[in-house]
There are 2 protein chains.
Amino acid sequence: MRRRLQQAALELFGERGYELTTAAEIAAKAGVTERTFFRHFADKREVLFDGETALSDILNSALREAPAELGPWDALFRAFEAAERLFVENRSFAEPRHRLIERSPALQERALAKTRSLIAGLASALRERGVPDHAAMLAAQMGMAALGHAVACWFDDGSSGLGDHLAQAFRKVRDLSASSPGIG
Amino acid sequence: MRRRLQQAALELFGERGYELTTAAEIAAKAGVTERTFFRHFADKREVLFDGETALSDILNSALREAPAELGPWDALFRAFEAAERLFVENRSFAEPRHRLIERSPALQERALAKTRSLIAGLASALRERGVPDHAAMLAAQMGMAALGHAVACWFDDGSSGLGDHLAQAFRKVRDLSASSPGIG
DNA sequence: ATGTTATTGTCAGTGACTGACATTATCTGT
DNA sequence: ACAGATAATGTCAGTCACTGACAATAACAT
């Protein structure tokens, strides 16, 4: 049922756009009532954000299983490497979805919130590895920024694999932050 | 009028919380109609997010005026230094507002969106300095993460100034990303 | 005083979302 | 196959965010 609703929503959003599609229409297309729609999804946006637990699970377990002697930055890199498969497999599904989100501020807000909760999960896993509170959040945000950068470059330039772009992104973060402001 | 509405909203949100306060109540407390409220603010959340242009302006002009030979990381540091005053002066107003936002997912989403548009502005200013497209976004995100970290530490430990925390945050980013994943 | 313009009030309407309760599957043990 | 429990769905009424259209009023220039 959830799948049917998600499918109907994707198609309608694709045709009329997110704001011009009512929840009742989605429900009707799926053959149910509007009320049923809101029993499956907390709100209209949520119908597009449902596969995110998989990524979170992979990242968290990868962080837990990473060698204890690894620092947060290397641990994050390993975690993202472990999630590479997920991105590659979902690419064809993720791209149209991304275009939808781009066109609607409301959806962008929700996407940001989802990313934020992913970051919070990463930070929490880093804290369990002994990283201090705020530093864990900082590292998680840096890592997520690097991941996003890698994915963006990967979308632009498919000739290299996501893994290559990821390693490059991590290097870029190091190089960008290499100078010492406040000293010079 | 905007001020009156914002003031009324702040008080009501403080008493009953954001979700339990209706736009009509805010308007009534300010002595106007609900319709007038929505003429001044695009939506109910926006009443709490209105002073953000000041920060954006300072950062952008600081980035434009920074010496051209400075790399993105140092330029960002200078920009944040230029905005320090703004944070110090608004601290007493920002703290209760922050507590309100923390308590409401809807407000958190909006706050994230505002931060995002700030980051986008930074990235755009960096591009004008010659930083390539995606790298500009990456650097802007890193900088914003550092700034957020500095502010968080500053809230926790007021004994040092925000400037000190900022320099420390930028150092932390460098140190965290210093290792070379994929090599070891 | 008169015309202009910006701000507000009024009203009717749409659409997201919720609570309460009835109805209908779906499943379980016998 | 049957009765009873459990879960998913339908129905309905209602609240609230938000919008468009138009009237009323205030502020201001001429």
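- The side-chain contact (heavy atoms from CB on, under 4.5 Å) search around Ala23(B) returns Glu34(B), Phe37(B), Phe38(B), not counting sequence neighbours.
- Between Phe77(A) and Phe170(A), the two ring planes are perpendicular [angle over 60°; tilted spans 30° to 60°].
- In this structure, Phe93(B) places its CZ atom where only 12 or fewer heavy-atom neighbours from other residues, nucleotides or ligands lie under 6.0 Å away.
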Legend entry - Per-nucleotide protein contact string for nucleotides 17-26 of chain D, where B marks a base within reach and S marks sugar-phosphate only (heavy atoms under 4.0 Å, - for neither): SBBBB-----
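- The pair Arg97(B)-Glu52(B) counts as a salt bridge, with a side-chain nitrogen and a carboxylate oxygen less than 4.0 angstrom apart.
- By the 6.0 Å and 45° rule, Arg2(B) stacks over the aromatic ring of Phe41(B).
- At the phosphate of dG10(D), OP1 or OP2 sits under 4.0 Å from a side-chain N or O atom of Thr36(A).
- The stretch residues 123-145 of chain B participates, sequence neighbours left out, in no ring pair (Phe, Tyr, Trp, His ring centres under 6.0 Å) pair at all.
- When the C1' atom of dG15(C) is taken as reference, atom CZ of Arg16(A) falls 14 Å away, rounded to whole Å.
- Leu5(A) places its CG atom 14 Å from the C1' atom of dG10(D), with the value rounded to the nearest Å.
- Using a 4.0 Å cut-off, no side-chain N or O of His40(B) falls inside it from OP1 or OP2 of dT7(C).
- Taking atom CD of Glu109(A) as the reference point, atom C1' of dA16(C) lies 16 Å away to the nearest angstrom.
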